[in-house]
Amino acid sequence: MASPDREIKDSNNMPQYNPHAIEEKWQQFWLKNKVFASVADPTSPKFYVLDMFPYPSGEGLHVGHPEGYTASDIVARYKRACGFSVMHPMGWDAFGLPAEQYAIKTDTHPAATTRKNVSRFRSQLQALGFSYDWEREINTTDPEYYRWTQWIFLQLFDTWFDESSGHGRPIAELAAEFASGRRAVPGCTQSWHELDARHQREILAGFRLAYQADVAVNWCPGLGTVLANEEVIDGKSEVGGFPVERRPMRQWMLRITAYSRRLLDGLDTLEWSESLKMMQRNWIGRSEGALVHFQITGRTEILDVFTTRPDTLYGVSYMVLAPEHPLVNVDEKNCIIPPTWPEHTPAGWKYAGAPESPALSVQAYQKWVAGRSERQRQEDTSKTGVFTGAYAINPVNQQRIAIFVSDYVLMGYGTGAIMAVPAHDRRDFDFARKFGLPMERVVSARSDLPEAGELPFEETGYAVHSPWINGLATEQAIPVMIQQVEERRFGLGRTHYKIRDWLFSRQRYWGEPFPLVHLEDGTTVPLAPEELPLRLPDLVDFKPTGTMDPPLSKAVDWAKVWVLLEGPPATAVARVVPPGTPGAMPARRELNTMPQWAGSCWYYLRYLDPRNPTAFCQPETERYWMKQPPGVDLYIGGVEHAVLHLLYSRFWHKVLFDRGYVSSQEPFRKLVNQGLILGEAEYTAFSTSTGDLVSWSEVAPELSTRTGADGRPEIVSRHKSTGELLVGRAPAPATIEKRGSQYVLKSRPDIEVDARSYKMSKSRGNVINPDDVIAKYGADSLRLFEMFMGPLEQVKPWSTAGVEGVYRFLHRLWRNVFGTEEENQPRVVVKDGSTWRLLAGGALTAEQARKAQAAADELVRPMHRLVRKVTQDIERLSFNTAISTMMEFNNMLTRLEVVPREAVLTLVRLLEPFAPHVAEEIYQHLSGTASVESLSRVPWPTYDDALCVEARWEIPVQINGKVSGRVSVPADAAEDHVLQSVLADAQIQEKLAGRNPRKKIYVKGRMVSLVV
RNA sequence: GCCCGGGUGGUGGAAUGGCAGACACUCAGGACUUAAAAUCCUGUGACCAGAAAUGGUCGUGCGGGUUCGACUCCCGCCCCGGGCACCA
């Protein structure tokens, strides 16, 4: 391996630590020599360290990015040194809304802005010295990449979910089951062979994992697109915060619900944080209970409800349908609403504005509900509703119960209908109170009292007034009731999942086109794999149309194609041919594009074989990196992807697994979320409306933020005792000083100011740019500080003073090697045989040689401890404590006059994953020759546990739990011996004052405890 | 409301049953310097006593418990951060 030119040094010209000179040199060296190329070496174990690849925005990198990337880089470099074949790649997630919004804003083509942003991001990342294998760089917008995104989509399109095996299977196998008669053709009395191709394709379309459906979508006018449920927060778009409306549209959906159970159960096998798993569990939302059928009086329709508390069936006193429920759609044949009100219908059960008939009442109510926004519906939980005029029969006791419509029942959950048990559900209770409905207790808090526990009693207890289950505790009553329900055939045990199918199309330009065509017969046929990639047409005008039509509707010529179908008619694929080709039929392309998440669903697989033109990844390569241990070994990224990217890619991975393309059940075995980095601590001084200053201790703790008249942020609160409105503003830092433990105004030392950290944001002006930090302190210091701030997963505030601290550490290390200016010569010494000499050449005096030997002897045990601690800390991702340990060791070297080479060598080897440039530079110097291998190729040092402890221990002695002295004992001393010498100790004797310890405890190496 | 995570000096944090506050930041004092910066050394949880070395008391959100010994384990509460939420 070639080596960069060594700087010329001699004893009269000691170099200062200059991060810029050495960092650029080593970055070029690593890149030029492909030092970090990943090789699938079958003779060594693999380790896959993955970063969530960034969105190359126009803003450039912020300090949050290097946090996770440094952590993963440390692990990657460490694992390489331990002999693993390491995969550590980087790429760009460049399709999607933010890139397109930015392109529209700056009026440039998204391809151009993406190219520019990517090169900026790449050079910023390279300036941080990350050990990525840049040969594997990928970009989701590259047609050679998205051809495989499209290919995987075709696999989803080609897959149906076989409930009996719980796995996805090729659609051709389903067609074969229909053809052979092993499976009945749904909704159809004819046999498969009697159906024409169009009919067959339509039936198969209903089974595919990728399908089209008319659904009420989240339409976001502000963005001009629909959004997935996961992208809507509190009725607003996650990107941009625009309002979102419900609208029916025909859209592509992915059948993620088929995988609910496996997505949920798979979480148990993963080393993810409990909170992250919980978020996914909540999102998937498993609940167990029963589906119960209710007869509707005088009609044939059955009203199905899902309940998690079938044990309360005897307490059902009415039913409620969601306003959107099909059984109360007056335009439908099966509408259950009778033409007139039943006798004795209370006036309050009718809609006040339209009491004439049940249909008019329900319609008026539905109209009123439709006019309410998601927000209003969520915030106002007071109960509204109308009686439908229809009744159902409670199957357990044949009681006639009224059916209502109310918006407290959601169409999107369960069956869109509920059985109401007002005695044991707060919501039903409120509704029953308002509408004067009966209430019957069926659960008691105590087994010995039938009426224990205040209503509504929502907890578990003991069944009462319920003939089949009386006396049973809720936990037993539920399964018994389910058994009863099933035996009597009015219901089934059922597990319900909250998760909905994934809405997979977007009315945007900057995304992957769907690789399929729509035929004139109304069916949709996938493109043949050879047709991929289907390139995004190069539109000049890519802006939203202003209607619900996607931008690709402007690509008129692109969308119109002629195709030939190949293969069996039911599962035919399309080839695009020139117009007029014999047998060709006209077709049109899909105008929607895939959502941002498509490309990131599988990118970790493309890294493994990034330039393969014939497969998304060669199978042997995939097996090497993903099979043993299964999946990515460490995945680091932000928690904001908890239910989006991380759920979607798990789903795709499971489909690919079922289809035999990947060898692990889960893509990401271990995952860590780095904590948010907040801005530097800020001060806030509070004053009243008349300008009187108020001390922080007088300010009530409830704070809210607003933008002040001058455009700067203000904090609003109230006076703790007077309740007066107070406004907080940031005083100039120079006007603040510290008085004792408080920060106060210099001009008014009696006025305390608040000090805290806020999230970095452009509007607050507290954003730290990594480029600036590197310019001032170098990449090594930035890397070190980001890791030194605190535990990786924790939220923590930025501190420029803190960067100075690690910067000083590197300076001290440098001086320990190259000497201080006063010394004017390197301090490192080497032992040749039995003679110590200066590393740079030159003999030592007898006194210096003696000191060198003493230092070497003294450092043996600390060095072993150092290696052990740093090794263990990297293994548990406790980087801040690893750095502390290296600082301590370095401080130890600082006190020495001469420094044995062995000690520095060990230290820089351990430091290399954290601060690779300075470590490489020092290593090159220590090796004493210009042509050395990269330090990253030097194996990780080992340690000996026996040498990690001192030969003698200073052990504290407690008497009644209080430290009363200490004794020195040999490390290998037996308990008896230690206790003996403790009792013999003069100081202990004195403290004992003749009392006889009734209990003596020796914790080896830690503590002696005497109890008197 | 439900579910997670967390509360330790002026600040970031360390210690996961065994000497609380490692390592840093900040601040103060000293050395070097004509001076400053940089660097090096010393001190820096609070309170009390002492001229000082030093000694004592308290101290890990609050209250209880287990233990020879608790930041650490258990029970109850308070506060902060995050997620979900009329989810049947």
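Side chains included, hydrogens not; waters and symmetry mates left out as well; all remaining heavy atoms used.
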Heavy-atom donor-acceptor pair, A:D501 side chain to A:I256 backbone, under 3.5 Å
yes
Tell me, please, whether A:Y408 has A:K383 positioned over its six-membered ring: NZ or CZ under 6.0 Å from the ring centre and within 45 degrees of its axis?
yes
In whole angstroms, the gap separating C1' of B:rA15 from CD of A:E888 amounts to 12 Å
When A:R966 and A:D873 are each assigned the nearest nucleotide of RNA chain B, the 5'-most assignment goes to A:D873
If the cut-off is 4.0 Å, is A:R1006 near the phosphate of B:rG69, judged by side-chain N/O to OP1 or OP2?
no
For a quick check, tell me whether the side chain of A:Q794 and the base of B:rG13 share a donor-acceptor pair closer than 3.5 Å.
no
Are side-chain N/O atoms of A:R952 and A:S968 paired as donor and acceptor at under 3.5 Å?
yes
Has the side chain of A:K383 got a donor or acceptor atom sitting under 3.5 Å from an opposite partner on the base of B:rC86?
yes
Classify every nucleotide of nucleotides 40-46 of chain B by which part a protein heavy atom approaches to under 4.0 Å, writing B for the base, S for the sugar-phosphate alone and - for neither, in 5'-to-3' order.
S------
A:F809 ring center near A:F788 ring center (under 6.0 Å)
no
Taking O4'-C1'-N9-C4 for purines and O4'-C1'-N1-C2 for pyrimidines, is B:rG45 syn (within 90° of 0) or anti?
anti
5'-most contact on RNA chain B (nearest-nucleotide basis), A:G790 vs A:S275, goes to A:S275
